[in-house]
J.: 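Dropping a structure here in structure tokens format, bear with me for questions.
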Amino acid sequence: MHFTSICFAAYLFVQLSVHVWCQQMLPQSSQTHRTNVTSRNWQHRTARPVSNSAETSKGHADLLTTLNDHVSVMASFNGDLRSRLENIEKKIVGLESNILARLDSIAVQQRDINKRLDSLDFMERQTKHNTDELIHERKKEAEIAVRTSRQIDRLPQMPTNDEKLNSLASLLASTRLALNELDNNFKSSFSNLTHMVTRRLNNIKRQNHRQTPNFYATAHPSEPLITSCAQGHPTTNGILRIQLTAESEPFYVRCDEDENIFGGGWTVIQNRFNGKLNFFRDWLEYKAGFGNLGGEFFIGLEKLHALTTSAVHDLLILMQDFEGQRKYARYNLFAIGSEKEDYALSLLGEYEGDAGDSLTYHAGSKFSTFDNDNDGCVNCNCAQLRNGAWWYNWCDMSNLNGKYFNENENYNNTPIYEGMYWNGFGGATYSLKAVKMMIRPVDSDGDLQRR
């Protein structure tokens with residue numbers, strides 16, 4: 001429609017230009033063909049057309065100027081509209097990609113639900129079968145009791161079936177308690193033995209490393225590489241230098257060695273607890289990482305991609321509110337894509353924990369910052385609206401890189417979705433006090449204590 005208007009305006013411009021030219025040329029032609037007219041009549045007749053011609057030319061020039069301005073405005077408007085359409089098309093393509101990834105995740109969950117339903121159906125059929133057998137046996141016992149009531153009366157008093165069942169249930173309960181106590185004792189003894197062996201191995205390693213290690217030298221080709229905190233290597237104040245491959249550059253990570261947290265050996269990828277570090281940062285800073293491993297920090301998307309592609313990891317998120325309550329969310333699979341894939345949340349496993357599942361909604365979503373919008377919202381920038389950076393969908397159910405609100409900033413009634421929130425733990429208007437995100441290879445033995 002706008003292109004037709006531009007063409008029509010251009011056509012009028014050409015027509016008016018020709019008309020003006022003809023009007024300007026008309027007085028000279030009249031003078032040539034009217035030589036037999038007297039000077040007075042010629043002046044009288046030519047004076048008026050010249051004046052009219054000048055006025056007409058001025059009016060045409062103004063009209064042409066107006067049309068030219070109109071054409072320029074229409075062209076500018078058309079360019080702006082084309083740009084907006086291209087932006088909407090780009091976001092629609094991204095939305096389709098996120099929807100497909102979300103559908104794949106839903107399909108996996110649906111298969112798991114179907115398996116659980118089949119198991120429940122089997123249990124229900126088995127229970128019904130056992131109940132029918134018990135009822136049938138009770139009927140037979142009742143018939144036998146009626147037939148032999150006289151003989152039963154003469155016999156000494158015997159315990160009834162209900163009494164037998166109660167005694168059997170009590171015996172089973174006491175047996176179960178004893179087994180649980182034995183199991184706990186075994187786990188405790190095994191855990192203590194494991195800890196003792198680990199401590200002795202670490203002491204032996206420290207004694208063998210009498211010289212100060214050179215943290216800046218690359219690993220010797222014959223020595224195994226240190227690729228994660230789960231390998232049990234000694235750390236310096238919780239800091240460990242790792243190298244994923246012989247060709248890659250080594251870097252430092254922070255380890256959580258607390259064995260009470262599912263056996264320890266976790267690599268910390270994000271840590272927030274006092275709000276002193278600003279997490280509202282651009283794409284390049286989130287790519288490289290920022291902060292201090294001894295305080296608040298984010299490890300960096302490039303390092304996180306390298307870690308999660310070197311081995312299959314699981315994710316553990318520890319959270320604490322301002323009332324001192326602690327909860328966790330754990331996912332048995334976790335990985336992100338490369339920068340070409342906008343560090344998308346490409347792999348997220350099943351949820352476990354007591355904080356509620358507020359991350360599965362983001363599965364398959366790309367990472368977004370305020371200067372690199374990759375979310376699923378067509379007409380908005382979720383990172384700008386949420387004051388953070390995250391794997392935004394449309395937009396989020398969690399925002400652990402959002403704004404930090406302390407005790408003096410009304411943390412329990414923040415602007416909706418803008419705080420450091422987890423929807424299953426406090427909701428979208430409660431900003432948490434502390435958050436720690438950690439990963440660990442799934443083939444590590446850190447869960448032995450829990451088992």
Side-chain angles (χ1 to χ4, degrees), residues 228-229 235 237-242 244 249-256 266-310 313-320 328-331 334-339 341-348 358-359 362 365-375 382-384 386-392 395-396 398-406 417-422 431-440:
S228 74
C229 297
T235 64
N237 295 326
I239 307 299
L240 180 67
R241 180 179 178 271
I242 66 174
L244 300 179
E249 292 291 332
F251 57 92
Y252 291 93
V253 297
R254 182 169 188 84
C255 300
D256 192 320
W266 295 93
T267 300
V268 183
I269 63 174
Q270 185 247 44
N271 192 19
R272 304 184 70 182
F273 52 88
N274 57 20
K276 292 183 178 180
L277 185 65
N278 179 24
F279 273 67
F280 190 51
R281 295 174 181 258
D282 59 22
W283 180 264
L284 292 179
E285 290 182 284
Y286 267 97
K287 175 184 175 181
F290 53 88
N292 187 343
L293 293 179
E296 293 190 328
F297 71 93
F298 182 78
I299 193 172
L301 295 169
E302 194 64 26
K303 294 177 183 176
L304 184 57
H305 167 66
L307 285 168
T308 57
T309 53
S310 65
H313 284 68
D314 58 358
L315 171 68
L316 176 64
I317 304 175
L318 304 179
M319 292 166 275
Q320 180 183 355
Y328 78 97
R330 186 178 182 183
Y331 298 86
F334 174 75
I336 67 170
S338 63
E339 186 176 15
E341 301 168 313
D342 295 319
Y343 301 113
L345 185 54
S346 57
L347 183 62
L348 188 67
S358 298
L359 192 60
H362 300 265
S365 299
K366 299 177 180 179
F367 198 85
S368 292
T369 58
F370 66 83
D371 63 335
N372 194 347
D373 183 12
N374 300 311
D375 57 59
C382 294
Q384 289 183 353
R386 304 312 197 223
N387 289 317
W390 196 244
W391 292 277
Y392 293 110
C395 280
D396 54 69
S398 59
N399 189 27
L400 298 184
N401 289 333
K403 182 180 179 181
Y404 190 95
F405 290 84
N406 57 37
Y417 306 120
E418 293 188 13
M420 184 177 70
Y421 90 95
W422 185 268
S431 185
L432 298 172
K433 179 180 181 180
V435 171
K436 183 186 290 186
M437 299 177 64
M438 304 184 291
I439 59 174
R440 188 178 66 188

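Just so you know, these numbers come straight off a predicted model, no measurement behind them.
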J.: What pairs meet the side-chain hydrogen bond (donor to acceptor under 3.5 Å, both in side chains) rule with one or both residues in residues 268-280, with sequence neighbours excluded?
T.: Gln270-Asn401
J.: So, Trp390 and Ser398: side-chain donor and acceptor under 3.5 Å apart, yes or no?
T.: yes
J.: Sequence neighbours excluded, which residues qualify as ring pair (Phe, Tyr, Trp, His ring centres under 6.0 Å) partners of Tyr286?
T.: Phe290, Phe298, Phe367
J.: Quick one: are Ile439 and Leu316 in side-chain contact, heavy atoms under 4.5 Å?
T.: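 No; the side chains remain at least 4.5 Å from each other.
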J.: Any idea which heavy atoms bring Phe280 and Ala383 closest together, and the distance?
T.: CE1-O, 3.6 Å
J.: With sequence neighbours left out, write down each residue that passes salt bridge (Lys or Arg N to Asp or Glu O under 4.0 Å) with Asp375, or none if nothing qualifies.
T.: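 Partners of Asp375 under the salt bridge (Lys or Arg N to Asp or Glu O under 4.0 Å) test: none.
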J.: Do Val435 and Trp422 make a side-chain contact, defined as non-hydrogen atoms from C-beta onward lying under 4.5 Å apart?
T.: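 SC-SC contact between Val435 and Trp422 ruled out.
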J.: Output all residues satisfying side-chain hydrogen bond (donor to acceptor under 3.5 Å, both in side chains) with Ser431, sequence neighbours left out; order by chain, then residue number.
T.: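 Per chain and number, Ser431 pairs via side-chain hydrogen bond (donor to acceptor under 3.5 Å, both in side chains) with no residue.
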J.: If we ignore hydrogens and angles and just use 3.5 Å, is the side chain of His305 paired with the main-chain N or O of Ile336 as donor and acceptor?
T.: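 Yes, His305 side chain to Ile336 backbone: donor-acceptor pair under 3.5 Å.
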J.: Only counting residues at least two apart or in another chain, list the ones meeting side-chain hydrogen bond (donor to acceptor under 3.5 Å, both in side chains) with Trp391.
T.: none
J.: Classify the side-chain pair Tyr404/Glu296 by whether it contains a donor and acceptor separated by less than 3.5 Å.
T.: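 Short answer, no.
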J.: Does any non-hydrogen side-chain atom of Leu293 lie less than 4.5 Å from one of Val253?
T.: no
J.: I'd like to check Lys436 versus Val268 (side-chain heavy atoms, cut-off strictly below 4.5 Å). Are they in contact?
T.: yes
J.: Which heavy atom of Tyr331 sits nearest to which heavy atom of Asp314, and what is that distance?
T.: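 Smallest heavy-atom distance, with atoms named: O-CB, 3.0 Å.
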J.: Start with the C-alpha gap between Phe297 and Asn292, add the side-chain angles, then the distance that decides, and say whether side-chain contact (heavy atoms from CB on, under 4.5 Å) holds.
T.: CA-CA 5 Å; Phe297 71 93; Asn292 187 343; 5.7 Å; no
J.: Can you name the closest pair of heavy atoms from Ile242 and Ser228 and give their distance?
T.: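 In terms of heavy atoms, the two residues are closest at CG2-N, 4.1 Å.
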J.: With a 4.5 Å limit on heavy-atom distance, are the side chains of Arg254 and Thr267 in contact?
T.: no
J.: Could you name each residue pair satisfying salt bridge (charged side-chain N to carboxylate O under 4.0 Å, His left out) that touches residues 278-290, not counting sequence neighbours?
T.: Arg281-Glu285, Lys287-Glu339
J.: According to side chain to side chain contact (heavy atoms under 4.5 Å, CB included), who are the partners of Ala306, at least two apart in sequence or on a separate chain?
T.: Leu244
J.: Is there side-chain contact between Tyr343 and Glu302, with heavy atoms separated by less than 4.5 Å?
T.: yes
J.: My understanding is that only residues two or more places apart in sequence, or in another chain, count here; which of them pass salt bridge (Lys or Arg N to Asp or Glu O under 4.0 Å) with Lys433?
T.: none
J.: With the side chain counted from C-beta on, respond yes when Thr308 and Leu347 share a heavy-atom pair under 4.5 Å apart, and no when they do not.
T.: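 Contact flag for Thr308/Leu347 side chains = no.
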J.: Quick one, Arg330 with Ile317, criterion side-chain contact (heavy atoms from CB on, under 4.5 Å). Give me CA distance, side-chain angles, the key distance, then yes/no.
T.: CA-CA 6 Å; Arg330 186 178 182 183; Ile317 304 175; over 6 Å; no
J.: Can you list everything that forms a side-chain hydrogen bond (donor to acceptor under 3.5 Å, both in side chains) with Glu418? Sequence neighbours excluded, please.
T.: Asn387
J.: Check side-chain hydrogen bond (donor to acceptor under 3.5 Å, both in side chains) between Tyr417 and all other residues, then give those that pass, not counting sequence neighbours.
T.: none
J.: Report the residues that fulfil side chain to side chain contact (heavy atoms under 4.5 Å, CB included) with Gln384, sequence neighbours left out, ordered by chain and then residue number.
T.: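 So Gln384 forms a side chain to side chain contact (heavy atoms under 4.5 Å, CB included) with Phe370, Asn381.
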J.: Are Cys395 and Arg386 close enough that some pair of their side-chain heavy atoms sits under 4.5 Å apart?
T.: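 Yes; the side chains approach each other to less than 4.5 Å.
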J.: Just jot down the side chain to side chain contact (heavy atoms under 4.5 Å, CB included) partners of Asn372, sequence neighbours excluded, or say none.
T.: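 Asn372: side chain to side chain contact (heavy atoms under 4.5 Å, CB included) contacts with Trp283, Thr369, Asn374.
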J.: Side chains of Asp373 and Tyr392: do they bring a donor and an acceptor to under 3.5 Å?
T.: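 No, because no side-chain N or O of Asp373 sits under 3.5 Å from a partner of the opposite role on Tyr392.
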